[in-house]
Amino acid sequence: MSAALKGLRRTLRISGAFLSTSPKVFMAYSIWFWMEIIVTVFSMVIFLYFWRAIYASSGQATLSGLSLNQTLNYIILARVIGPALENRMIFNFGYYIREGLIAIEMLRPVDFQFRNYIEMLGLMFMSLLTKVPLILIAVLFFGLQLPTSAAAWAAFVIAMLLGHAVLFLFDWLYACLAFYSTETWGLGVVREAVALLFSGGLLPLVMLPGWLQAIASGLPFAQGLYVPIALLSGILPPEAAPRLWLVQLAWIAGLLLASRLLFSVSVRKVTVQGG
Amino acid sequence: MLRYARLYWLFLIQRLKILMEYRLNFFIGAFSFLAMQSVGLVGVWAIMRQVPSLNGWSFNELLFIYGLITLAKSMNHMFADNLWTLGQSYIRTGGFDRFMVRPINPLFHLLADRFCHDGIGELVVGGVLVGYTSRALGIPWTLANFLYLLLAVLTGSVIFVALNLFTATSAFWIVESVPVTLVVFNTHEFAYYPLTMYHRFIQVAMTWLIPYGFASFYPASYLLGREVGVMAWVGTLVAGVLLLLAYQVWKFGLQHYSSTGS
Amino acid sequence: MHAIQTENLTKIFTVNQKDPGLRGAVKALFRPSRKQVLAVDRVSLSVEPGEIVGYIGVNGAGKSTTIKMLTGVLMPTSGSVRVLGRDPHRQRVANAREIGVVFGQRTQLWWDLALIESLNLIAGIYDIPPKRYRELLERFSEMLELKELLKTPIRNMSLGQKMRSELAAALIHEPKVLFLDEPTIGLDLIVKERIRQFIREHNQQYGTTVILTTHDLGDIEELCQRVMIIDKGGMIYDGPLATIRQRFGRERTLTFEVHPRHLGDLRQHAERMQLPQGARVEAQNGGSSGGRLVVRFDRTLTSASQVAASLMGQVEVVDFSLSEPDLASIVRQIYGGALENGNGKEGKV
């Protein structure tokens, strides 16, 4: 028990060190930082005019029950915050396995999966921090409305943390494919393409035809993006949150079990074969 | 000129041989592009099925615009993709010096050095979209229309290449030119939609400043029988002038390289 | 006509200076502080057709900047440069046809292509007539033993195989001037030997002028009659290798490890040790575990055994070793002004 605690403290310290060096790294790449801001602002402009034109052509105040403002709120938040919630576990796994590092990584005194989770969590917060200027721009120039009630914020933050865990565990499960195939790049692309549509990164899921919505609800991607962003943008009221959290927790429980099981089976394969 | 054409062919053949070695990568690359594009189009479809039109343009007409610009983009992707890597792969490593001691135009050498097969996937997508929508929309494929389509794709390609040449040249000063190139390149996304849906200022910018409008909106309007008047033809002139200007800037960059060597 | 001629060739770089940290970055944005760096300083030289010239200097001395100006990559700040009568920068294309360049560590071949395919491309770039190309290909694959390698991609080659391929690629268009930047770096002795032999033979048969930069004294000794040494941008020696060899090549260094008991003696009497003629104490230092004595001698005047015997008679020697001076140490001595002290009359200084 105390060993586990020590391990945890160490992990947190490492993550802390990581967090404190990140701003420096980020300054060094400032030209990339500005590029991302400009590119994102451009796409906000496109969304703004596109959706205005769509709503104007429809002759209705709402589409699939959403007003123009709700839709724009959602689209902008999904576009800005969405990428911060992604992780690319399968590329990490591909790297660990190619370089034969997995056995070494397993030797460290902290649970491998837990350590990676903490790292990804740190990365997500860092990434979210870099999105603040974009959110400010969106509020000032694109009419983005952020919730004013504490309940909505709490609903969002909790759903985001739970959603991040869902995605992390799903990607952990998916990344185990790297033990069986070297084509991690192709596998990563497939996941991204599927996720783009079914996570709600392109448009609010309620706008999809019924059968696509049904598929989306059977996949974990919406848990990580649509659910928290819908809460933050006001598409879903905070009162709906507790039920959504429970769904997310159910996903976490199932995926936690499955990912740990598959990982231990897969890793045995590598260590037995001496990979 | 003939010599350069022969030489390009020689480079291309060698490049294709390499690609045959990495066949699987090629298919994954093409597939990934296809997957991403299709997902994006499914998104547009999901929206468009709920409204009669976008600013008076039907879903098929939007696909036609999309197909046209994708064709132009694919040409740039196949034949001029190496502009992106000028800073990283040639100037930083000193590999650009090699071009300078060879008796051919360094820009030609840079472009010929890597034909990018990823563009083939785009070519197919663009071709299928234009082919399908032109039938669905009843555009008659007369010789005149066909020649106009070729001219439009050529014009669009030149616009893509010229703009990338402008921005890639910054690598001679700042080495890391990719972010600069990306910012300008990404504005082509405005041209996926009819320009009339934007504010007047953006319309002007996409016509005269960063003229991607001539790669999609204007030729599509012409072929669909919408009134755009002389704008159907101005694009080629604009693209030509742009390319000439870009080449002057490139030569200026080369001059700078010769005096600093970095 | 000279193969290469420069007059007061000068290159000044302007570099932006940036203080470290965020403040430096901000300052650089508003008030960039620029510094002029003199990379090549009024270098005048001429090389005759068919010569092999060694061009040496420490890293950053201005070697590669000079080579870049001779090959047309860089434009001189002032002074003139002529390669085969042309301005290599203004007439870049015409010049490029007649020169061959091997940039030591950077390949001119395509990483993923088989050697023969890279050569085909180069033949296309230089517009070599097909018949002539086949003849030369035949010759080079013979001389450089490339026959088995033609189908091998460059990425699968060893360092030595790569360098042989590079040479073929740099010479396949029959250049009149060949620039070689570190052609033997990292190679083992046998491969080095083979490459030197090829360069020598090629130079004799075709009369190709060769400019060679290297850190390897062996390259210079086996290939060059003439050496140019550059330091801090300026030419400090241009003359026959023989002069350098006479002055420095006949010197040897013996290093003795002396028993700790003699430590005190060493400190006080090292200068007064009895040594054969032509030998002198170069340096001495004492440590708690023992002392070290460095003796330099002229091997035309005395021998290692005479020096060792005489010294062993005076102190107790634990161990000793003999070394020849390497190029680096020779160059160091030349920088120290040894040539100017009346020994370098044969060379232009």
Side-chain angles (χ1 to χ4, degrees), chain B residues 1-23 25-26 82 85 89-110 112-115 117 172-175 251-262, chain C residues 11-16 37 39 64-65 67-77 88-114 116-128 153 155 169-170 173 175 177 179 181:
Chain B
M1 201 57 201
L2 186 68
R3 180 175 161 238
Y4 275 107
R6 242 197 354 250
L7 201 50
Y8 195 91
W9 180 245
L10 209 59
F11 271 95
L12 184 63
I13 295 291
Q14 301 302 350
R15 183 73 195 157
L16 291 177
K17 277 187 198 159
I18 297 178
L19 294 180
M20 288 316 283
E21 273 190 63
Y22 299 103
R23 233 164 313 172
N25 271 321
F26 167 73
N82 228 13
T85 61
S89 310
Y90 294 94
I91 292 178
R92 173 159 297 158
T93 61
F96 196 76
D97 288 350
R98 172 61 53 197
F99 294 170
M100 298 294 282
V101 299
R102 282 192 170 146
I104 53 175
N105 185 316
L107 179 58
F108 170 82
H109 203 326
L110 176 71
D113 221 39
R114 195 170 62 93
F115 166 83
H117 60 280
F172 288 122
W173 285 270
I174 58 172
V175 182
K251 285 211 297 204
F252 181 66
L254 213 54
Q255 195 82 29
H256 179 80
Y257 182 81
S258 300
S259 59
T260 62
S262 61
Chain C
K11 183 73 201 177
I12 298 170
F13 291 120
T14 307
V15 288
N16 289 329
V37 176
S64 64
T65 305
I67 299 286
K68 280 183 183 176
M69 286 192 283
L70 295 178
T71 50
V73 175
L74 279 181
M75 196 165 46
T77 306
H89 183 70
R90 291 227 172 75
Q91 296 158 280
R92 191 188 69 78
V93 173
N95 181 58
R97 280 185 192 287
E98 308 240 37
I99 63 169
V101 188
V102 173
F103 289 122
Q105 307 284 47
R106 295 182 232 137
T107 183
Q108 61 190 309
L109 302 161
W110 285 262
W111 191 246
D112 282 318
L113 288 184
I116 181 71
E117 283 159 356
S118 274
L119 291 175
N120 287 344
L121 267 183
I122 290 171
I125 289 172
Y126 286 94
D127 233 352
I128 308 172
R155 61 164 191 270
H173 62 287
V177 181
F179 295 92
D181 185 12

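- B/F252 has its ring centre no less than 6.0 Å from the ring centre of B/F172.
- The residue among C/I99, C/T77, C/D127 with the most heavy atom pairs within less than 4.5 Å of chain B is C/D127.
- Between C/W110 and B/H109, the ring-plane angle classifies as parallel under the 30° and 60° cut-offs.
- Of the possible polar contacts, none joining the B/R102 side chain to the C/I125 backbone as a donor-acceptor pair under 3.5 Å is found.
- Judged by distance alone, with hydrogens and angles left aside, the side-chain atoms of C/R97 form no donor-acceptor pair with the main-chain N or O of C/R92 at under 3.5 Å.
- The contact between C/H89 and chain B is made entirely by side chain atoms (from C-beta outward), counting heavy-atom distances below 4.5 Å.
- If you measure heavy-atom distances from B/R6 to chain C, the contacts under 4.5 Å come from the side chain alone.
- Looking only at distances, no side-chain donor or acceptor of C/K11 sits under 3.5 Å from a matching main-chain atom of B/T260.
- Of the atoms belonging to B/F99, it is backbone heavy atoms, and not side-chain ones, that fall under 4.5 Å from chain C.
- Ranked by heavy-atom pairs shorter than 4.5 Å toward chain C, the options B/R98, B/R15, B/K17 are led by B/R98.
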